[in-house]
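Below is one structure, written out as structure tokens, with a few remarks after it.
Note that these values count all heavy atoms, side chains included, but never hydrogens, waters or copies made by symmetry. In the text below, chain A, chain B and the rest are named by the order of the sequence lines, each starting its count at 1.
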Protein chains: 2
Amino acid sequence: MDAAKADAGLIQSRYRLTRQRAAVLRVLQADGGHLDAEEIHERAKEELSSLGLATIYRTLDLLRELGLVQMVQYPNAAARYEARLDKHHHLLCTRCHELSDVEAPHLDELVGQIAAGVGFEPRDFKLQVSGLCRRCRNDRG
Amino acid sequence: MDAAKADAGLIQSRYRLTRQRAAVLRVLQADGGHLDAEEIHERAKEELSSLGLATIYRTLDLLRELGLVQMVQYPNAAARYEARLDKHHHLLCTRCHELSDVEAPHLDELVGQIAAGVGFEPRDFKLQVSGLCRRCRNDRG
DNA sequence: GTCCGTGCAAAGCGTTTGCACTGTC
DNA sequence: GACAGTGCAAACGCTTTGCACGGAC
């Protein structure tokens, strides 16, 4: 995949592209979901059994710094990571705890307006919505 | 203050209004800001020196359950609590780490639309914006 | 040979829990 | 006297760190 190669190149431009780092990135890009450090560790170990959890955390920091992964943090839960790069937001189902992605087309402007009103210069923002996902809603309100 | 009395009444309706609980609520209502458990502990101890940190956490859970306080959670930081009850959102300055409040008038509708688009039933949502506050922006971008 | 990256284990931090005690009804 | 509420200390879960080793330049 071209994207994967580009990402590998980005890592190499500033750091060594080790087997460990490649494995973590591969896991995140393959899954497309929202994995926590331990889940990433499990999966990456299938490929590189000696891999330690500390390396996962260090690699995730690095990938975040390079802008290759994003982190989502919800209360009372481990941080979750995703390779998805485009601007998007999260819907958390309070029943099945599934996290899904949505785009919010006009939110940028709205945030810009809100921030401008109080002299704040926004650099990034996250919308986190909790409620019931389609499935849980049908299963039983 | 009437509001304080009403809140005390709400606690009493389901739990005992102990000196510890009153102290925590008083601290939060007096400050109006965003304090973490340890800060609340410090301040409440001025009033009740024997107070333990575990009680602070237990009380905050209870006040949250009663809807008297809200919690804000940012990555790599202790949870912060505030007595403010109306719907609002947060601006976090990445330079001075100050957290400030804003209202987002038309956000409800937008969130409703976004969620409806994917069959999600929103129950609550939070917008968290990071960037530079007015002061830090002037001090030096 | 230097230095970056790693694995392991230990430490760190905010938070929660177990338990015996206390005060209120 | 029952029981909700408390303080203390220990345990918890996620994450970070110290340190000695290993491998790439």
Side-chain angles (χ1 to χ4, degrees), chain A residues 8-28 34-66 68-81 97 99, chain B residues 8 10-28 34-66 68-82 97 99:
Chain A
L10 180 53
I11 296 176
Q12 279 183 305
S13 70
R14 297 171 50 189
Y15 301 99
R16 281 196 207 142
L17 179 57
T18 61
R19 280 171 300 148
Q20 289 86 341
R21 289 171 181 172
V24 170
L25 190 55
R26 216 171 290 132
V27 165
L28 282 169
H34 311 84
L35 304 174
D36 66 27
E38 204 127 6
E39 288 163 347
I40 296 167
H41 187 209
E42 294 294 312
R43 301 196 191 187
K45 277 213 291 196
E46 290 169 13
E47 190 173 320
L48 210 74
S49 61
S50 67
L51 193 47
L53 183 56
T55 298
I56 303 291
Y57 280 108
R58 284 188 279 232
T59 301
L60 288 169
D61 282 352
L62 183 153
L63 295 175
R64 233 161 11 115
E65 186 195 324
L66 292 170
L68 295 178
V69 312
Q70 292 189 255
M71 188 177 76
V72 208
Q73 180 83 271
Y74 266 88
N76 311 323
R80 304 197 151 271
Y81 300 85
H97 302 106
L99 198 56
Chain B
L10 181 52
I11 296 176
Q12 280 183 305
S13 70
R14 297 172 50 190
Y15 301 99
R16 278 194 211 146
L17 180 57
T18 61
R19 279 171 301 145
Q20 289 85 341
R21 290 172 181 172
V24 170
L25 191 55
R26 216 171 289 130
V27 166
L28 282 169
H34 310 85
L35 304 174
D36 65 28
E38 204 128 5
E39 288 163 346
I40 296 167
H41 188 208
E42 294 296 310
R43 301 196 190 186
K45 276 213 293 197
E46 290 168 14
E47 190 174 319
L48 211 74
S49 61
S50 67
L51 192 47
L53 183 55
T55 297
I56 302 291
Y57 280 107
R58 284 188 278 232
T59 301
L60 288 169
D61 282 352
L62 183 155
L63 294 176
R64 242 175 348 130
E65 186 196 323
L66 292 172
L68 295 177
V69 311
Q70 291 189 254
M71 188 178 76
V72 208
Q73 180 83 269
Y74 266 89
N76 311 323
R80 305 197 150 271
Y81 300 84
E82 56 184 337
H97 302 106
L99 199 55

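- To the nearest 0.5 angstrom, A/Ser50 atom OG is 5.0 Å from A/Leu48 atom CG.
- Taking atom CD of residue A/Gln12 and atom P of nucleotide D/dA24, one finds them 14 Å apart after rounding to whole Å.
- Considering A/Leu35, A/Leu63, A/Ile56, A/Ile40 in turn, A/Ile40 is the only one that fulfils the side-chain contact (heavy atoms from CB on, under 4.5 Å) rule with A/Tyr81.
- At whole-Å resolution of the value, CZ in B/Arg16 and P in D/dG5 are 6 Å apart.
- Going from atom CD1 of A/Ile56 over to atom P of C/dT6 covers 10 Å, rounded to whole Å.
- Proximity of a side-chain donor or acceptor of A/Arg21 to a complementary backbone N or O of A/Arg16 within less than 3.5 Å is detected.
- Taking atom CG of A/Leu62 as the reference point, atom P of D/dT15 lies 17 Å away to the nearest angstrom.
- D/dG7 atom P lies 10 Å from atom NZ of B/Lys45, rounded to whole Å.
- Put simply, the residue from A/Met71, A/Gln70, A/Glu39, A/Arg80 that forms a side-chain contact (heavy atoms from CB on, under 4.5 Å) with A/His34 is A/Arg80.
- OP1 and OP2 of C/dT6 both lie 4.0 Å or more from every side-chain N or O belonging to A/Thr55.
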- Once base and sugar-phosphate atoms are separated, protein heavy atoms under 4.0 Å mark nucleotides 9-21 of chain C, 5' to 3', with B, S and - as -----SBBBB---

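- Taking atom OH of residue A/Tyr15 and atom P of nucleotide C/dC3, one finds them 17 Å apart after rounding to whole Å.
- With hydrogens and angles ignored, the 3.5 Å screen pairs a side-chain donor or acceptor of B/His41 with a backbone N or O of B/Leu51.
- Between A/Arg21 and C/dG5, a side-chain N or O to OP1/OP2 separation shorter than 4.0 Å is present.
- Atom-to-atom, CD1 of B/Ile11 to P of C/dT24 comes out at 17 Å; the value is rounded to the nearest Å.
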- Task: For salt bridge (charged side-chain N to carboxylate O under 4.0 Å, His left out), just list the numbers for B/Arg64 and B/Asp61, CA-CA rounded to whole Å, side-chain angles, deciding distance to a tenth of an Å, and then say yes or no.
- Result: CA-CA 5 Å; B/Arg64 242 175 348 130; B/Asp61 282 352; 3.3 Å; yes

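- Once rounded to the nearest 0.5 Å, the distance linking OG1 of B/Thr55 with CG of B/Leu62 reads 11.5 Å.
- Put simply, B/Thr18 has no side-chain N or O that comes within less than 4.0 Å of OP1 or OP2 on D/dG5.
- Atom CD in A/Glu39 sits about 11 Å away from atom P in D/dT15, given to the nearest Å.
- Side-chain proximity of B/Ser50 to the nucleotides D/dC3, D/dG7, C/dT6 is greatest for D/dG7.
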